[in-house]
Amino acid sequence: MNPCVAGASEAAISIVSRTEDFQPMARALKLARRGLYTTDPNPRVGCVLVKDGAVVGEGFHARAGEPHAEVNAIISAGKAAREATAYVTLEPCCHSGRTGPCTERLIAAGVRTVVVAMRDPNPEVSGKGLAALESAGIEVREGLMEAEAAKLNIGFISRMTRGRPYLRLKLAASLDGRTALASGQSRWITGPEARRDVQRLRARSSAILTGVDTVLTDDPRLDVRENFYPQTTYVGAEIRQPLRVVVDSRLRTPPGAKIISPPGSVLIATLDNSSSAANTLRSAGAEVVAVPACGERVELSSLLAYLADRGINELHAECGATLAGALLKAGLVDELVLYLAPVLLGPKARPLAVLDDLTDMGQRLKLELKDLRAVGDDLRLTARPRTNG
């Protein structure tokens, strides 16, 4: 029997939270964060087992293909898992992928209650895992600290519900909104603390997106540096290099560009991947894929849908004004992270983003400021496009 169809998927699951539930769920969320940089393309999940008021086991998911959080917690608890309450940040899976169903492991372990922060947005699981547990006689409660759990897996949720990654656009500028001198020189506008902070954003992402103009002007590597990690995820963890993606409609990327070199892989999105230039780039180590066109350029929403099909959850964009403007105009930016340096570059320096000329203030792109803080000598602003008003 398919464990994902055991019982009704629309089972009436209790959403009543108890005071004693918050501390173990908070601990489960903290455990889940230990996989922040390593679980991709899987979600970040933590699990805590509590029995008679004491923690008897805990675990988190570290890497795709390795045991899930629930399994690690059950192994940690041993026989003490029987009659325990399991606190899990995401609905336990009920299907077999690289590993077996976590619902079956929880049932076999004899847990009495399962408290989940949120349902799994994966249509293969959503609600079905909870129903399978309830059909086995396990009490199920959901919705505890759901917002915190969703924030942790914002990219996975986006891929499962919208069919595209969560796109975070990073920009660095002077106080007068300029990203580089007219000559293209941009190193360094911001200080070392801000640049290290960007490493954190890169490391949590599935892929890093840039444009060919940035490749030609700056010749960046756009990788995660070897000395990075604000905190060790777990002993023996290796740095996972995100896929690097170059939007290059006419295949102008030089085969000797640093972005093609290890570590990590590079994908070049273009309009025609059958040319001699495409074959030259493949020989240099790049993957070249053809994406539908919008005029004479790569159609960006099609590219994001393609990346979602490849398991890309969070897409981190570091690019020039043209691509940044195109992403904003297409409504594909979910979050804008802007580092502002206390310098002025003047009116001839390059702008943040190439946007359409406005004739009325009502046409302006509105942002909702979510966070503002100092990072070294610079300011970091985090904002999201307003969807209404």
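In this text the structure is predicted, and so the values were computed from the model without any measurement.
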- Kindly determine whether Val247 and Thr210 satisfy side-chain contact (heavy atoms from CB on, under 4.5 Å), including the steps that lead there. CA-CA 6 Å; Val247 180; Thr210 195; over 6 Å; no
Residues that [X] engages under salt bridge (charged side-chain N to carboxylate O under 4.0 Å, His left out), provided they are two or more places apart:
X	answer
Glu318	Lys170, Arg202
Glu146	none
Asp218	none

Test item: [X] side-chain N/O and [Y] main-chain N/O as donor-acceptor pair under 3.5 Å:
X	Y	result
Thr190	Ala341	no
Thr217	Asp213	yes
Arg240	Ser205	yes
Thr103	Pro92	no
Asp120	Val125	no
Ser302	Val298	no

Same cluster for [X] and [Y] if Ile/Leu/Val/Met/Phe/Trp/Tyr side chains link at under 4.5 Å?
X	Y	result
Ile154	Leu315	no
Leu332	Val354	no
Leu327	Ile208	no
Tyr166	Leu243	no
Leu167	Leu381	yes

Please determine if [X] and [Y] form a salt bridge, counting it only when a charged side-chain N lies under 4.0 Å from a carboxylate O.
X	Y	value
Arg195	Glu193	no
Arg380	Asp197	yes
Arg119	Glu142	yes
Arg27	Glu58	yes

Of the non-hydrogen atoms in [X] and [Y], which two are nearest, and what is the gap between them?
X	Y	result
Cys319	Leu169	SG-CD1, 3.9 Å
Gly129	Cys94	N-SG, 3.8 Å
Asp334	Arg384	O-CG, 3.2 Å
Gly320	Thr214	N-OG1, 3.2 Å
Leu152	Leu29	CD2-O, 4.2 Å
Pro385	Leu367	CA-CD2, 3.8 Å

Side chains of [X] and [Y]: closer than 4.5 Å at any heavy-atom pair?
X	Y	result
Leu201	Arg168	yes
Leu340	Leu338	yes
Ser206	Pro242	no
Met160	Pro123	yes
Val116	Arg141	no
Leu323	Leu300	yes
Val45	Phe60	no
Arg159	Pro165	no

Do Leu49 and Val55 pass the side-chain contact (heavy atoms from CB on, under 4.5 Å) test, and can you show the C-alpha distance, the side-chain angles, and the key distance before you say yes or no? CA-CA 6 Å; Leu49 294 178; Val55 173; over 6 Å; no
Can you tell me if Arg250 has over 12 outside heavy atoms packed within less than 6.0 Å of its CZ? no
Just checking Asp371: does its CG atom have more than 12 heavy atoms from other residues, nucleotides or ligands closer to it than 6.0 angstrom?
yes
Hey, what do you get for [atom1] ([X]) to [atom2] ([Y]), rounding to the nearest 0.5 Å?
X	Y	atom1	atom2	answer
Leu251	Ser275	CG	OG	5.0 Å
Gln199	Arg204	CD	CZ	14.5 Å
Asn313	Asn42	CG	CG	8.5 Å
Glu70	Leu106	CD	CG	5.5 Å
Ile138	Leu130	CD1	CG	11.0 Å
Ile189	Asp378	CD1	CG	10.0 Å

Go through the steps for Tyr339 and Leu379 under the test side-chain contact (heavy atoms from CB on, under 4.5 Å), then give the verdict.
CA-CA 6 Å; Tyr339 296 87; Leu379 288 178; over 6 Å; no
Quick one: list whatever passes side chain to side chain donor-acceptor pair (under 3.5 Å) with [X], sequence neighbours left out.
X	result
Asp377	none
Arg244	none
Ser158	Arg162
Asp219	none

Please tabulate, one pair per line, all N/O donor-acceptor pairs under 3.5 Å involving side-chain atoms of residues 254-270, not counting sequence neighbours.
from, atom 1, to, atom 2, distance (Å)
Thr270, OG1, Asp248, O, 2.9
Thr270, OG1, Ser249, O, 2.9

What pairs meet the side-chain hydrogen bond (donor to acceptor under 3.5 Å, both in side chains) rule with one or both residues in residues 286-298, with sequence neighbours excluded?
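Qualifying pairs: Glu287-Arg310.
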Contacts under 3.5 angstrom, residues 75-89 side chains, donor-acceptor by atom type, not counting sequence neighbours:
from, atom 1, to, atom 2, distance (Å)
Tyr87, OH, Asp21, OD1, 2.6
Thr89, OG1, Gly46, N, 3.1

Residues 35-45 vs salt bridge (Lys or Arg N to Asp or Glu O under 4.0 Å), sequence neighbours excluded, gives Arg44-Glu314
- Given the rule in the side-chain contact (heavy atoms from CB on, under 4.5 Å) test, do Val140 and Thr113 qualify, once you have shown the distances and angles that lead to the verdict? CA-CA 6 Å; Val140 177; Thr113 304; over 6 Å; no
Only counting residues at least two apart or in another chain, list the ones meeting side chain to side chain contact (heavy atoms under 4.5 Å, CB included) with Ser174.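 By the side chain to side chain contact (heavy atoms under 4.5 Å, CB included) rule, Ser174 matches Asp176, Arg178, Val343, Leu345.
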